[in-house]
Amino acid sequence: DAKTTQPNSMESNEEEPVHLPCNHSTISGTDYIHWYRQLPSQGPEYVIHGLTSNVNNRMASLAIAEDRKSSTLILHRATLRDAAVYYCILRDPTNAGKSTFGDGTTLTVKP
Amino acid sequence: DSGVTQTPKHLITATGQRVTLRCSPRSGDLSVYWYQQSLDQGLQFLIQYYNGEERAKGNILERFSAQQFPDLHSELNLSSLELGDSALYFCASSVSPSGGPGELFFGEGSRLTVL
């Protein structure tokens with residue numbers, strides 16, 4: 001199964017941009033890159049997803065490398081409410097069971 | 001609010017017992033996924049159902065079983081419980097039958113404590 005690698009933790013200052021990296025060197029041509037985040041005592045929450053092109057939505061931006069072996073989730077202005085564990089996963093359109101949540105990146109936002 | 005409802009929120013039981021966790025997916029979603037999250041293992045995929053049929057299977061123990069009913073709600077049955085089964089159990093729903101672009105919407109989870 002294609003796996004992702006993320007740093008265990010990152011820190012950011014409030015109102016500054018945050019770039020959360022994810023490596024997925026064994027990604028297949030049809031895998032979608034998804035990002036979820038999990039706030040304390042809550043279920044994971046969808047953030048954004050993409051296939052090849054960069055994507056923007058109201059929560060974040062997703063920058064995908066040209067070879068698709070890595071991606072970066074960008075929070076444009078971090079707030080204290082963005083403190084969470086961020087997961088980068090690959091979703092295979094032919095087999096949903098292959099999606100693996102790794103340990104994610106714990107983001108700490110300092111006021 | 002993701003639209004996915006899980007009950008019960010908390011459950012305390014003894015080893016050897018059996019429990020049932022229930023999940024109601026988001027309106028219109030035909031896929032239901034079950035995940036287990038324990039402190040030392042992160043989010044582990046257990047099983048997926050789509051429109052009543054088992055679609056994908058992960059590392060689900062033989063003591064565990066699940067099903068999806070005609071009204072699309074799903075139940076996860078855990079039997080012969082062991083201390084190590086203590087965990088958060090999440091249900092997620094999606095409109096699509098498989099992965100790809102389909103977003104996953106997670107419930108708040110059911111916290112199971114086995115004493």
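Remember, it's a predicted structure, so these values are computed and weren't measured experimentally. Naming: A, B, ... by sequence-line order, numbering from 1 per chain.
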Would you say that more than 12 heavy atoms from the other residues, nucleotides or ligands in this model lie under 6.0 Å from the CG of B:N59, or not? no
A quick test of your reading: do over 12 heavy atoms of other residues, nucleotides or ligands sit less than 6.0 Å from CG of A:N23? yes
Side-chain heavy atoms nearer than 4.5 Å, only ILVMFWY residues, links allowed to pass through others: does that put [X] and [Y] together?
| X | Y | value |
| --- | --- | --- |
| B:L30 | B:L46 | no |
| A:L39 | A:V85 | no |
| A:I64 | A:L51 | no |
| A:M10 | A:V109 | yes |
| A:Y46 | B:F90 | yes |

Look only at the side chain of A:R91 and the backbone of B:P101, and say whether a donor-acceptor pair between them is shorter than 3.5 Å. no
Taking A:H34 for its side chain and B:L104 for its backbone only, find out whether a donor-acceptor pair lies under 3.5 Å. no
What part of [X] gets within 4.5 angstrom of chain A, counting heavy atoms only: side chain, backbone, both, or neither?
| X | result |
| --- | --- |
| B:Q6 | neither |
| B:F105 | neither |
| B:Y50 | neither |
| B:E103 | both |

Note: B:Q37 and A:Y87 closest approach over all heavy atoms is NE2-OH, 3.5 Å
Of all heavy-atom pairs between A:P44 and B:L43, which one has the smallest distance, and what is that distance? CG-CD1, 3.7 Å
Can you tell me how far CD of A:Q38 sits from CZ of B:F106, rounded to the nearest 0.5 angstrom? 8.0 Å
A:F101/B:F45 aromatic ring centres below 6.0 Å: no
